[in-house]
Amino acid sequence: MVSTRTVVLRKMTQAQNPHSFEFKSSKRSESSNGEELEVEEKEDDYYDDTYCENCGLGHKPAELLLCDKCDRGFHIFCLRPILVTVPKGSWFCPSCADSKKVTKFPLVQTRIEDFFGIQKFAQDCGKKRRRSGRVVVSKKKRKLLPFSPSEDPERRLEQMASLATALRAVGAKYSNELTYVDGMAPRSANVTALEEGGIQPLARDNIETLKLCYSMIKRGVFPPLMVVADPEEGFTVEADRFIKDLTIITEYVGDVDYLKNRENDDGDSMMTLLHAADPSKILVICPDKRSNIARFINGINNHTMDGKKKQNVKAIRCSVNGEARVLLVAIRDIKKGERLYYNYNGYLNDYPTEHFI
Ligand SMILES: C[S@@+](CC[C@H](N)C(=O)[O-])C[C@H]1O[C@@H](n2cnc3c(N)ncnc32)[C@H](O)[C@@H]1O
């Protein structure tokens, strides 16, 4: 439903992802027979009688949302956490929305095992880490490192509980791999040769390191990360122990779909997977239904020096056995307690980050 007031109109946006979408701006009104209409908009238009409850101004009407319950206005960038696109469906302001309280996931090992589908929960992480360390530790530059989990099993449970809490709050299930679902793109569509020039293959050593990360996670030994709910940034991810430069933080996972199927999505977490030369074959990762911790890692503000300085993670697209994958990798040493940030605009400057904290 769209508000019956016509002064402030919803902007229909194309799906956002860090790399590839055009940002189309138009607005909607409701005609006398209740149908939604799209109307051309001028960015600097002001509407005298409607203003943002947060900043008190009525500028940027295309980004001024009306609450579908109380009719008050809010700039999408004045909301906390901010919205990067105008939602297509109904929208309720923070006071009118049913307050979605983030309820903590119970710190009961059996429940956590169940949530993450872990069959054999590793208790003795330190021992296992030392054994596997021999395979991957190298001083050679550019060689990726497996994550080093926290040694305290209780603390690891707390980290997993924070992820489970966040996933539950956004209504997503846990998955740690790319998922190919009927009706979306098939796995056979993920062929890196479809990209002009292909994609850099992940070196054999690094594939082994990635496999090691996966085997740890399957045993319930997760990366040392804590999901934290921040009033300004929404969910965000913090390092829960020192993380060394070039460590694999996580793979970016979710349902794989064609971009063409997702152009009208509201999702703010889509990631380019395959930038195929043929636009109809471009693939995106959509973590809204199934995902892991990657979807909670925040982005830098590309418009400020301070924003750029925050970057400590990089999204790397690579080819693993001819299939595209996206890895989030530490690009410098990260201190315990530091938040993780990467550049959402790794390829094209399409993701609106100018209002990011
Ligand atoms: C991929 S999600 C990241 C997780 C998100 N914070 C959440 O609560 O689910 C992207 C959204 O996070 C928020 N976000 C990401 N980085 C931010 C930043 N540096 N400052 C403020 N908000 C940010 C924006 O609302 C953005 O649309």
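Note that ligands are numbered from 1 as they come in the structure, with each ligand's atoms numbered from 1 the same way.
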State, without any angle test, whether N298 and E233 hold a side-chain donor-acceptor pair at a distance under 3.5 Å. yes

Do D278 and S280 have a side chain donor and acceptor closer than 3.5 Å? yes

Shortest reach to atom 11 (C) of ligand 1 by a heavy atom, considering only T353, D268, I357: D268

Per-atom contacts of ligand 1 with Y344, taking only distances under 4.0 Å to non-hydrogen atoms: 1 (C), 2 (S), 3 (C), 10 (C), 15 (C)

For R295, counting its heavy atoms only, list the atoms of ligand 1 lying under 4.0 Å from any of them. 1 (C), 2 (S), 3 (C), 4 (C)

Residue and atom name of the nearest protein heavy atom (relative to atom 13 (C) of ligand 1), distance in Å to one decimal: E233 O, 4.0 Å

Under 4.0 Å, counting heavy atoms only: does V84 come that close to any atom of ligand 1? yes

min-distance protein heavy atom vs atom 16 (N) of ligand 1 -> G299 N, 3.0 Å

Taking only Lys NZ, Arg NE, NH1 and NH2, and the carboxylate oxygens of Asp or Glu, determine whether E238 and K336 approach each other closer than 4.0 Å. no

In ligand 1, which numbered atoms sit nearer than 4.0 Å to a non-hydrogen atom of Y351? 10 (C), 26 (C), 27 (O)

For I82, counting its heavy atoms only, list the atoms of ligand 1 lying under 4.0 Å from any of them. 24 (C), 25 (O)

Close side-chain approach of L167 to F296, heavy-atom, < 4.5 Å: yes

Are D306 and K309 close enough for a salt bridge, meaning some N to O gap below 4.0 Å? yes

Do Y342 and N312 have a side chain donor and acceptor closer than 3.5 Å? no

Does N301 reach ligand 1, in the sense of a heavy atom lying below 4.0 Å from it? no

Side chains of Q159 and D240, donor plus acceptor under 3.5 Å: yes

Nearest protein heavy atom with distance in Å, relative to atom 17 (C) of ligand 1: F356 CD2, 3.5 Å

Minimum-distance protein heavy atom relative to atom 7 (C) of ligand 1: F235 N, 3.6 Å

Side chains of Y214 and E251, donor plus acceptor under 3.5 Å: yes

Check: of Y341, F296, Y252, Y342, min heavy-atom distance to atom 9 (O) of ligand 1 comes from F296

Starting from atom 3 (C) of ligand 1, what is the nearest protein heavy atom, named by residue and atom, and what distance separates them? N298 OD1, 3.1 Å

Residue pair I297 / Y341, side-chain heavy-atom distance below 4.5 Å: no

